Amino acid sequence: MGARQSSNRDEIAERLIVLIQEEGLSEHDKLPSERELAARWNINRLTLRAALERLISQDLIYSVYGRGYFVREKKLVRNLQDMRPLNELAAEQGIKIDTVILKQKEVEADRIVSDYLEIKLGAPVLEVVRMRYIKTVPSVLETIYIDTQLMPGIPDLYDEHASFYEIFEKEYGYKPIYGWQRLSVSFATSNESALLQIPVETPVVFLRGTTYAQDYPRPIDYFSSVNRIDRMKFSSTIHEFGTRRKE
């Protein structure tokens, strides 16, 4: 595609975004037909289709064969540099999120958990498995591990309405200040597919990481999550070149 064609495509894509906003189109509402849009703006159908494909690639619209183009449901955007609770991020984006605890019990740290939390193998930890529902749809399957020797009594403090970060700071004085997260693409296992209500082997985003607190030398939690890619979108902030952040 030449520079002029690309410019025309991008200009029309911007027009389409404005049209969606000005006409108040909501999730799953149908856009005007290609014929109508081409006539309204006196543009080439091929260029219009390229602009529509651009919006599809940006997850703003989707197409249904034989029916046309529709506004895509809004995804929850999670900035990997933002350590605030998921509930808070969702509220900012006008998205309702609910939490259901699937499992909560004290277990012995296995090799992976002990390595990430930097504790002894077999040390007692609180394991919490929870499902995060975005607009009533199971979307994020999370598993969190916390050293109960570091935070005694935490099993009695956490429930579906609580925030771990708030508990860390208010009850134990550990203020989360930084952490590291690694993101990869995986495929849903049979158990994950059943819980997330997606087919087995569906691509998902797998996220794992730890959190560090001010003036404390080792991680205060270790977490992992399986995320539906049709419900979640991830972003990251690029910092000044030449600077490094501790993992």
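Keep in mind that the numbers below use all heavy atoms, side chains included, and drop hydrogens, waters and symmetry copies. Keep in mind that this is a model prediction, so the values were computed, not measured.
Less than 6.0 angstrom separates the ring centroid of Phe164 from the ring centroid of Tyr158. A distance of 6.0 Å or more separates the ring centres of Phe168 and Tyr174.
Under the 30°/60° scheme for interplanar angles, the aromatic rings of Tyr116 and Trp180 are found to be tilted.
In this structure, Glu27 does not pair ionically with Arg72, as no charged nitrogen and carboxylate oxygen lie closer than 4.0 Å.
Here the side chains of Val77 and Leu89 are not in contact, with every heavy-atom distance at 4.5 Å or above. The shortest distance between side-chain heavy atoms of Arg40 and Pro32 falls below 4.5 Å. Within the 4.5 Å cutoff, the side chain of Val107 has heavy atoms near those of the Val125 side chain.
Side-chain atoms of Lys175 never come within 3.5 Å of backbone atoms of Lys170 as a donor-acceptor pair (strictly under, hydrogens ignored). Ser139 places a side-chain N or O within 3.5 Å of a backbone atom of Val137 that can act as its donor or acceptor partner. In this structure a side-chain-to-backbone donor-acceptor pair under 3.5 Å is missing from Gln181 to Thr210.
A side-chain N or O of Tyr165 and one of Thr211 form a donor-acceptor pair less than 3.5 Å apart. Between the side chains of Asn191 and Thr189, no donor-acceptor pair of N or O atoms lies under 3.5 Å.
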Take Arg132 and Asp98, measure what salt bridge (charged side-chain N to carboxylate O under 4.0 Å, His left out) needs, and give me the verdict at the end.
CA-CA 6 Å; Arg132 314 304 286 270; Asp98 296 299; over 6 Å; no

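No more than 12 heavy atoms of other residues, nucleotides or ligands sit less than 6.0 Å from atom CD of Glu108.
Smallest separation of non-hydrogen atoms from Leu121 and Ala109: CD1-O, 3.5 Å.
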